Amino acid sequence: MEKIKVEHLVKAFDGPEGKTRAVSDISFSVEEGEVFGVIGLSGAGKSTLVRCLNLLEKPDSGEIIIDGDNLKDLKEKELTKRRQKIGMIFQNYNLLMQRTVLDNVCFPMEIAGVKKKIARKKALEYLNTVGLKEKAKAYPATLSGGQKQRVAIARALAAEPEIILCDEATSALDPETTDTILKLLKQINEDFNITIVLITHEMRVIEEICDRVLVLEEGKIAEIGEVKETFESPKTVALKRLLLTGQSDVLLSETS
């Protein structure tokens, strides 16, 4: 069943030479419970695309449909309610540095009006899920990059989302920590049946946990399909360039 449907999405920005399309007439869908990857080189339009999925960036044209509802047709109150079910995880974590780890995870529940006692109990459960229950009283400044990203994941779970959008969530992490975070995301996908859209420029991230991949180049879809099939038989110059740049496992196995 389709969880997300994107139809003819266009988003442009003003530049020195006029308007430039960051996303140009893109259409695709994401199935419920899927881990869907979007990959492209820097400037391909990945972050603009993911921010359009919850209207943090308002498209110039096109439709974003979630569970059959067109987000552009929702009133502000309805859109706010819908956004509460769409978690976001960023490269720079976006944690509140003056709050403890526990209070960071409680924050979405505070906004939703959950009673403090209930929020704290649930926050501890989510911290346990990401393996950081013992860090509940710590502050973000004392944590490693991987631990900060785990807090960000726990905070996203606190809103009980149906969708999680990951914008380069592992690009600031070392390879070993990246593997740990990817395994955690896959576990969350399976345990909670949360649909994940994962934006990255790293081939191995896509290969590790994604079911399907969309290859983006200059704001347009170059290829889309099952990860293994798409990477083993690239049809476009865009994907071949990414394979050479990313040194994916598929490419390495073929050339070794």
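This structure is a prediction, so every number in the text was calculated from the model and none was measured.
No path of Ile, Leu, Val, Met, Phe, Trp and Tyr side chains, each step under 4.5 Å between heavy atoms, connects Y139 with L102, placing them in separate hydrophobic clusters. One hydrophobic cluster holds both I86 and L9 under the rule that ILVMFWY side chains link at heavy-atom gaps under 4.5 Å. A chain of hydrophobic side-chain contacts below 4.5 Å, direct or via other Ile, Leu, Val, Met, Phe, Trp or Tyr residues, connects I181 to L132. Linking ILVMFWY side-chain heavy atoms closer than 4.5 Å, directly or via other members, places F107 and V151 in two distinct hydrophobic clusters. L242 and V227 fall within a single hydrophobic cluster, where Ile, Leu, Val, Met, Phe, Trp and Tyr side chains are chained together by heavy-atom contacts under 4.5 Å.
Between H201 and S42, the closest side-chain pair of non-hydrogen atoms is not below 4.5 Å. Residues L185 and I89 have side chains in contact (heavy-atom distance under 4.5 Å, counting atoms from C-beta outward). Residues C106 and R120 are in side-chain contact: their nearest non-hydrogen atoms beyond the backbone lie under 4.5 Å apart. Side-chain atoms of T200 and E168, non-hydrogen and from C-beta on, do get closer than 4.5 Å to each other.
By the 6.0 Å contact criterion, CD on E176 is open, its count of non-hydrogen atoms from other residues, nucleotides or ligands being 12 or less. By the neighbour-count criterion of 12 heavy atoms within 6.0 Å, atom NZ of K72 is densely surrounded, having more than that number from other residues, nucleotides or ligands. Within 6.0 Å of CD in E218 there are 12 or fewer heavy atoms belonging to other residues, nucleotides or ligands.
In this structure, N104 contributes its side chain and L96 its backbone to a donor-acceptor pair below 3.5 Å. No donor-acceptor pair closer than 3.5 Å links the side chain of E208 to the backbone N or O of M203. Under the 3.5 Å distance criterion, the side-chain polar atoms of D167 are left unmatched by any main-chain donor or acceptor of F90. The closest donor-acceptor contact from the side chain of E223 to the backbone of P234 lies at 3.5 Å or more, if one exists at all. No side-chain donor-acceptor contact under 3.5 Å links T170 to the backbone of L173.
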Just distance, no hydrogens or angles: give the donor-acceptor pairs under 3.5 Å from side chains in residues 186-198, sequence neighbours left out.
residue : atom : partner : partner atom : Å
Q187    : NE2  : D191    : OD2          : 3.4
N189    : ND2  : G33     : O            : 3.0
N189    : ND2  : I194    : O            : 2.8
T195    : OG1  : G33     : N            : 2.8

Which side-chain N or O atoms in residues 49-66 pair as donor and acceptor under 3.5 Å with protein atoms at least two apart or in another chain?
residue : atom : partner : partner atom : Å
N54     : OD1  : L56     : N            : 3.2
D60     : OD2  : A12     : N            : 2.6
E63     : OE1  : N70     : ND2          : 2.5

Side-chain donor-acceptor distances from residues 156-166 under 3.5 Å, at least two apart:
residue : atom : partner : partner atom : Å
E160    : OE2  : K122    : NZ           : 3.3
E162    : OE1  : K3      : NZ           : 2.7

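Applying the side chain to side chain donor-acceptor pair (under 3.5 Å) test between R212 and each of E226, E34, E31 identifies E34 as the sole match. Just one residue in the list R82, K85, K5 forms a salt bridge (Lys or Arg N to Asp or Glu O under 4.0 Å) with D67, and that residue is R82.
A pairwise comparison of heavy atoms in A222 and A238 identifies CB-CB, 3.7 Å as the closest pair. Considering all non-hydrogen atoms of both residues, K135 and Q147 come closest at CE-NE2, 3.7 Å. Nearest heavy atoms, A172 versus Y93: CB-OH, 4.2 Å. Residues L95 and P140 approach most closely at CD1-CB, 4.1 Å, considering heavy atoms. Heavy-atom minimum distance, I206 versus G37: CD1-CA, 3.6 Å. When all heavy atoms are compared, the tightest approach of I39 to K46 is C-CD, 3.8 Å.
When hydrophobic side chains of Ile, Leu, Val, Met, Phe, Trp and Tyr are connected at separations under 4.5 Å, M109 ends up clustered with V114, I118. Hydrophobic cluster membership of F13, counting Ile, Leu, Val, Met, Phe, Trp and Tyr whose side-chain heavy atoms lie under 4.5 Å apart directly or via other members: none, as it forms a cluster of its own.
In this structure, the separation between CD on E2 and CD1 on I4 is 10.5 Å, given to the nearest 0.5 Å. Atom-to-atom distance recorded for E76:CD and E78:CD is 10.0 Å, nearest 0.5 angstrom. For the atom pair NZ (K81) and NZ (K75), the distance works out to 14.0 Å, reported to the nearest 0.5 Å. Separation of atoms NZ (K220) and CG (D25) is listed at 8.5 Å; rounding is to 0.5 Å. For the atom pair I199 CD1 and L214 CG, the distance stands at 8.5 Å (nearest 0.5 Å). The distance from atom CZ of R155 to atom CG of L127, rounded to the nearest 0.5 Å, is 12.0 Å.
Listed by chain and number, the residues in a side chain to side chain donor-acceptor pair (under 3.5 Å) with D14 are K19 (sequence neighbours excluded).
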### Task
Please report the C-alpha distance between R204 and D179 in whole Å, then the side-chain angles of each, then the deciding distance to 0.1 Å, and finally whether the salt bridge (charged side-chain N to carboxylate O under 4.0 Å, His left out) criterion is met.
CA-CA 9 Å; R204 73 185 195 91; D179 289 342; 2.7 Å; yes
